[in-house]
Every structure is written in C-alpha cells, then in structure tokens.
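Excluded from the calculations below are hydrogen atoms, water molecules and symmetry mates; all remaining heavy atoms, backbone and side chain alike, are included. Treat the numbers as computed from the prediction; the structure is a model and nothing was measured.
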Amino acid sequence: MSETRRKLTTIFCADVQDYTRLMGADEEGTLASLKRCREAMGRLIESHGGRVVNTWGDGLIADFPSVVEAVRAAVDTQNELAGFNARRPADGRMLFRIGINLGDVIVEGDDIYGDGVNIAARLQTSAAAGGIVISSTVYDQVRNKVAVGFEFLGPLMVKNVDEGVPSYAVKIGDARDETPSAERSGSAPPQPAPVMAAAKAETTPAPGGRRLYGVLGVIAAALIGINLLSWQGVFWARFPVLALAVVAALAWNRDQTRFNRKITLLAILALGLAGINLFTWTGRFWAIWPILGIAAVMALRWSMRR
C-alpha cells in the first residue's frame, strides 16, 4: 500500500477546448497535435520546477512547489501553444484551458487528490480557450510577482465547497476582453468567451531583462576601458568582466523557456569554471574535474526527466 499523506502545493490543471469535435474531424491529426502540445507543456512545466502528476484523454494535472513558477509555466505554455496554433486553420487549432489553485491535497504514491485538485479542475473548465483562471489563493501570491494582468471574475461555485471560490482571469497575449464562463453568485452565466488571438511562438525578453543586459554591457566596457587606459601590463578587468558575463547568463536563464533551467544553470557554472581556469592559466587544466562532475550531474538529470 502506498503511504498516504498531505501537503500544500500548487495544482495546475489543463485540458483542450472542443477536443471531441477535433477528434471527430481528424483523429490521427488531433492525436499528433495533442502529443506535440503535451511534450511542449511537459517541458515548460519541468523547466519551472513542476511535475506532471497525471494525464488522461486530453487532460493534464501537474503540481509545483512554487506558486509563481506555476503561473509563469502557464503563461509560457499559452504563449508557445498560441504560436503553434497560428500556423493552423482556425477550425483545427488546439486551444488549452488552464486552471491553477493553491491548496492542501492528499498525496498517495505519485497521485494527488482532494478539494485542492477539484477546485483547480473547476477553474480550468471556467477558463476561456487559450486562457488561464487562478484562485484567489494563487492571486494573493503572484499579483506583484508576475508581469501579467488580472481580471476579477467573482466567486466560482465548486462542488463540495460551501462558499464560492474567488477567481481571476490571467490576461496574456492579445486576450483583452475575455470573460471565462465561471459561475458567479447571484449572476447569470456569461456568454462563451472569444478565442484568444494567436501570440508569438517565443516570448520576447522582458524590458527589465534588456535593461539589465545593457547596464552589464556598459559596466564591462567601462572596466575594459579603464584597464586599457591605465595599462601596467596586467589585464585585471578579465575577472570582473567574467563575473558580469555569468550574471547576464543567470538572468537570461531565469527568463528563458527553451531549455531546462536547472541543466542550463549547471552548464553556466561549468563555463564559469572553465573561464576562471583559463584566466589563471598555469599550464594545468584543473577545471576538467569539476566540469566532468557537473556533466555527470547534467546527464543524470537529463536521463531522469519525465
């Protein structure tokens, strides 16, 4: 028997809008698209520190130790899938709905159960196609930490939960006027929301990231200039410039979604060690041993990916 325990976690629930219609029109093509979208979603979930708990039909459940990373994973997922759908005919687009909730769940083996999961699933069904709906417990944690907008939807009625769950729509891409079909206390159900317009396949660097790269570049150029203008036979600027390069790489890794962030972090560390070794060269490449160790850890993490 698997051990049963409880934990507080962030639940990420997703499924495909109009999946039955898509399957009826083209079973093989729909399954191929679902597989491709799930692979992209799984990669992004893992890169944000999450774990795919279960998949069934067109649905997926994941959990995250970080609320912020769960929302970032959802935003990155919808942006990437919007790019995929932009190349498809309007009636063949595979649009996912995502719901996110922070709650206490029952853990049994690799699965999770309980009202925390049920609420995430209900939020997901209330999201617009290509959209994200989060609970108030998630909103309280991310409202000042994620560069997206939010629209309050009111209390969402959930089975087995006495009071309505306050919910918010996450405003991303070109979704400006979407109103998910959430059930609100004392109000009639709204009309179906329009489909989110396709966004770019890759997210562009945030303005703050570009500013950081510019500042680091100016500092590096100034240090090199000072070193050259006060030249005394030693290129001392190489060490602070290397440190600035590592900082820039870490900032890039924090925002990128193409590669696994933990593996990329190890690669940055290995390159930093190689740079230190070369800048302090005494005829021995001592960095080979820690780099081999890092490479072994990277290979192990890669082989253990879900």
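Residues Phe150 and Val170 are in side-chain contact: their nearest non-hydrogen atoms beyond the backbone lie under 4.5 Å apart. Residues Ile134 and Val142 form a side-chain contact, since some pair of their non-hydrogen atoms from C-beta on lies under 4.5 Å apart. Residues Leu123 and Ser135 form a side-chain contact, since some pair of their non-hydrogen atoms from C-beta on lies under 4.5 Å apart. Side-chain contact between Trp236 and Ile226 is present, with heavy atoms from C-beta onward closer than 4.5 Å. Between His48 and Phe12 the shortest side-chain heavy-atom distance does not fall below 4.5 Å.
Of the listed residues (Val138, Ile132, Asp76), just one forms a side chain to side chain contact (heavy atoms under 4.5 Å, CB included) with Val71, and that residue is Val138. Of the residues Leu34, Val16, Leu31, the one that meets the side chain to side chain contact (heavy atoms under 4.5 Å, CB included) test with Met23 is Leu31. None of Leu229, Val241, Ile219 except one satisfies the side chain to side chain contact (heavy atoms under 4.5 Å, CB included) rule with Ile224; the exception is Val241.
Phe239 and Trp286 fall within a single hydrophobic cluster, where Ile, Leu, Val, Met, Phe, Trp and Tyr side chains are chained together by heavy-atom contacts under 4.5 Å. Leu244 and Leu271 sit in two unconnected hydrophobic clusters of ILVMFWY residues. Membership requires side-chain heavy atoms under 4.5 Å apart, directly or through other members. In the hydrophobic clustering of this structure, Val148 groups with Leu102; members are Ile, Leu, Val, Met, Phe, Trp, Tyr whose side-chain heavy atoms approach within less than 4.5 Å, directly or through other members. Cluster membership for Ile263 and Leu292, using ILVMFWY side-chain heavy atoms within less than 4.5 angstrom, is not shared. When hydrophobic clusters are built by joining Ile, Leu, Val, Met, Phe, Trp and Tyr residues whose side-chain heavy atoms come closer than 4.5 Å, directly or via intermediates, Tyr139 is grouped together with Phe152.
Rounding to the nearest 0.5 angstrom, the gap separating the CH2 atom in Trp56 from the CD1 atom in Ile61 is 4.0 Å. One distance of note links CZ of Arg97 with CG of Asp15; it measures 4.5 Å at 0.5 Å rounding. One distance of note links CZ of Arg51 with CD1 of Ile112; it measures 6.5 Å at 0.5 Å rounding. To the nearest 0.5 Å, the span separating CZ on Arg122 from CG on Asn101 amounts to 13.0 Å. Considering OH of Tyr113 and CD of Glu108, their distance stands at 5.5 Å, rounded to 0.5 Å. Rounded to the nearest 0.5 angstrom, Asp63 CG and Asp111 CG are separated by 10.5 Å.
Nearest heavy-atom pair across Ser33 and Arg88 is OG-NH1, 3.2 Å. Considering all non-hydrogen atoms of both residues, Leu266 and Ile294 come closest at O-CG2, 3.4 Å. In plain terms, the two heavy atoms of Ile98 and Ala127 that are nearest each other are O-CB, 3.8 Å. Nearest heavy atoms, Gly42 versus Val52: CA-CG2, 4.3 Å. Taking all atoms of both residues into account, the shortest heavy-atom contact from Arg38 to Asp58 is NH2-C, 3.5 Å. In this structure, Ala14 and Gln124 approach most closely via the heavy-atom pair CA-CG, 4.0 Å.
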Decide yes or no on side-chain contact (heavy atoms from CB on, under 4.5 Å) for Ile45 and Met41, but give the supporting numbers first.
-> CA-CA 6 Å; Ile45 287 170; Met41 191 179 299; 3.8 Å; yes
Might you work through the salt bridge (charged side-chain N to carboxylate O under 4.0 Å, His left out) test for Arg43 and Glu46, ending with a clear yes or no?
-> CA-CA 5 Å; Arg43 169 173 53 80; Glu46 182 183 356; over 6 Å; no
side-chain contact (heavy atoms from CB on, under 4.5 Å) between Phe285 and Ile291, worked out = CA-CA 11 Å; Phe285 189 38; Ile291 289 176; 4.2 Å; yes
Intermediate values then yes/no, side-chain contact (heavy atoms from CB on, under 4.5 Å), Met94 and Leu81 = CA-CA 8 Å; Met94 182 159 287; Leu81 296 184; over 6 Å; no
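A donor-acceptor contact shorter than 3.5 Å links the side chain of Gln78 to the backbone of Gly131. Here the side chain of Ser167 pairs a donor or acceptor atom with the backbone of Gly154 at under 3.5 angstrom. One N or O on the side chain of Asn277 and one on the backbone of Arg284 form a donor-acceptor pair closer than 3.5 Å.
A salt bridge does not link Arg36 to Glu39: none of the charged side-chain nitrogens sits closer than 4.0 Å to a carboxylate oxygen.
Residue Trp289 places its CH2 atom among 12 or fewer non-hydrogen atoms of other residues, nucleotides or ligands, all under 6.0 Å distant.
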